[in-house]
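One structure is given below, encoded as structure tokens.
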Amino acid sequence: MSPGARRVSLRSPQISAPILANPPAQAGSGFSVLVAVAVLLPFWIPRPLMTGELSFAFAMPFVLAFWALTQPAWPGSFRRALHGRYGRGLWLEALCVCVVMMMAFMSMLVSPVPLRAFRVILPMTYAICALILFSRMPSHLQRRMVFALLFSGVLVFGIAIGLSQTGWGRSIVMRDYRFLAFFEKPNQLGVAVMAVWPLSIALLLNARTAMSRLLCTIMLLVLATAIFMSGTKTALALGFVSAALTWLYHGSRSGSLDKTLFKLSVILCGIAFAVPATLWVLSWASPDFFRRVNSILTYGLWEFPSMQTRDMVWKESIQIGLDHPLLGEGAGTRVYRYAHSHNMFLDYFRGMGVFGLAAAVALVLSAVSRGANFLLATLPKGQVDRESDTIVAGMYLGAIFYLIGNQLSDSFSPTTAFLFWIMYLGAYFTAPPLNSVARPPLNLVKRPVGQPSTSGWAPRARRPGSNLQDAAQPV
């Protein structure tokens, strides 16, 4: 095996030779993206598919996992994903998922409504489905799955925004002044957009042609319009911060010091200008939403009625968790008249006790640390792999800010949880960590030096290995 092939193999231990040796034809790639978009549409329209408290969209992760199990895959791909060939694998996330599921089932013994535990169980089973899906997928299908999730969301929001401008359609996609598209609540729309928002920013920053810039701008405007019309203050604030971080990360990879300092100065000035510009657009697009934001800026966050309600729910959740520290009151049960605690940690503590809380904290910290490690490890690479690294960074940031949003709104519900797992696991399988991200295993004698390589995600990226001899060999 040539040195170049050996380098590709070590940088991408979960990609096998036959996959890279036979890249799909470009003619079929567009059709496969359309198929993926159609398959992922139910995740963005859960309300029309509702029957009782469940939606047919909740079954789609299991359908995708079953399809993946019927496809050929390299032996041991699932095990390698858990253990990690280089650095930390997904074993901690898998452990947290298993603990939460076990505690949810145990809490059914004391729950007044045992079946509501599936509000917690389903999001965790989605992790297993997504892990099966990505571990058995070739790299090009992983990319199409992630991008198709974004494209399908933009398509649904575009249709919903158009319906909101008609008399009969407004009653379907609006509730009072708030835009909820085809979700049950506007807050669910907000956290769903947070999962894909940084990725849309990254695609715009990396667009190389006029047509791609136009398409990426349209996608970004559709998502921004959905946030503005939803009246979700959490999504507005987190969307601004995540977009700024994505832009700063991309600008800091400019190569030379003077270019980096110049771009960072321009970006910081742009961010400072974007604050009043966003408020002006908000005052024009959604006056009711602007009045609420202005009230928060004038009188403070905790003076706003919705935050006072959350404070009441949070105090009650803490008290219930302290009264039932081992098994909780029952996973997924209601607090007051609300379906959840508007905080993932408190919802798990109230419903499943200290063990459920510990598992939730460990899961969030693991996701945040993995994303932060990727960002810090790839900063010294300069312009090497900058385009593809920015896309992966957008996926990690989308997953992280989705979790942050769930500390204020949706509490990791089955309606939106699969979006998180797609972004998070998609980023993980794209950039296996090397020595800059995690310490090497004890049994590894030789190890390449450098940062994670994500070259496959770059627009028009050259596929490594045009024949079997040059392709990356399986590990």
Side-chain angles (χ1 to χ4, degrees), residues 8-9 11-44 60-81 85 90 126-155 195-196 199 202-203 387-388 391-392 394-396 398-399 418-432 452-466 468 471-475:
V8 172
S9 173
R11 285 182 178 274
S12 303
Q14 298 168 36
I15 300 176
S16 61
I19 292 171
L20 292 179
N22 299 288
Q26 292 297 322
S29 62
F31 177 74
S32 62
V33 170
L34 291 177
V35 171
V37 168
V39 169
L40 296 174
L41 280 177
F43 295 109
W44 300 98
M60 289 306 299
F62 302 98
V63 174
L64 291 172
F66 177 78
W67 170 82
L69 289 173
T70 63
Q71 304 302 306
W74 196 258
S77 57
F78 190 87
R79 175 182 54 81
R80 285 197 300 273
R85 180 60 175 168
L90 295 169
Y126 293 168
I128 302 173
C129 295
L131 184 57
I132 293 173
L133 183 65
F134 277 105
S135 64
R136 298 182 65 86
M137 264 188 173
S139 58
H140 64 276
L141 288 185
Q142 293 172 356
R143 293 191 288 272
R144 290 173 192 169
M145 181 64 65
V146 173
F147 291 145
L149 185 66
L150 170 62
F151 300 156
S152 59
V154 170
L155 176 62
V196 298
L199 176 60
L203 289 176
E387 293 85 358
S388 53
I391 293 175
V392 178
M395 295 162 61
Y396 269 129
F418 193 65
L419 307 180
F420 162 77
W421 292 116
I422 287 289
M423 289 293 129
Y424 183 60
L425 295 183
Y428 168 78
F429 280 97
T430 301
S453 176
T454 59
S455 58
W457 287 83
R460 297 182 181 177
R462 181 177 64 85
R463 296 185 181 276
S466 58
L468 188 58
Q473 298 300 314
V475 176

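All values reported here derive from a predicted model rather than from experimental measurement.
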Listed partners of [X] passing side-chain contact (heavy atoms from CB on, under 4.5 Å), at least two apart:
X	answer
L41	S152, L155, V156
A36	A148
F62	L122, T125, Y126, C129
V39	V35, M60, L64

Of all heavy-atom pairs between [X] and [Y], which one has the smallest distance, and what is that distance?
X	Y	result
R80	P75	NH1-O, 3.1 Å
L419	A195	CB-CB, 4.0 Å
F418	A130	CE1-CB, 4.0 Å
S77	R136	OG-CG, 4.3 Å

Flag side-chain contact, heavy atom, 4.5 Å: [X] against [Y]:
X	Y	result
L199	L149	no
I422	L133	yes
F429	L131	yes
F147	L203	yes
V146	F134	yes
F43	L40	yes

*Check whether any side-chain N or O of S135 sits under 3.5 Å from a backbone N or O of A81 as a donor-acceptor pair, and report yes or no.*
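Between the backbone of A81 and the side chain of S135 there is no qualifying donor-acceptor contact (under 3.5 Å).
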_Test item: Q142 side-chain N/O and M137 main-chain N/O as donor-acceptor pair under 3.5 Å_ = yes
*Tell me, with the steps shown, if L425 and L90 meet side-chain contact (heavy atoms from CB on, under 4.5 Å).*
CA-CA 9 Å; L425 295 183; L90 295 169; 3.7 Å; yes
*What is the distance from atom CG of L150 to atom CE of M145, rounded to the nearest 0.5 Å?*
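Between L150 CG and M145 CE, I get 14.0 Å after rounding to 0.5 Å.
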*Under the side chain to side chain donor-acceptor pair (under 3.5 Å) test, residues paired with W421 that sit two or more places apart*: none
*Sequence neighbours left out, what passes side chain to side chain donor-acceptor pair (under 3.5 Å) with Y424? Give chain and number order.*
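With neighbours one apart ignored, the set is E93, R370.
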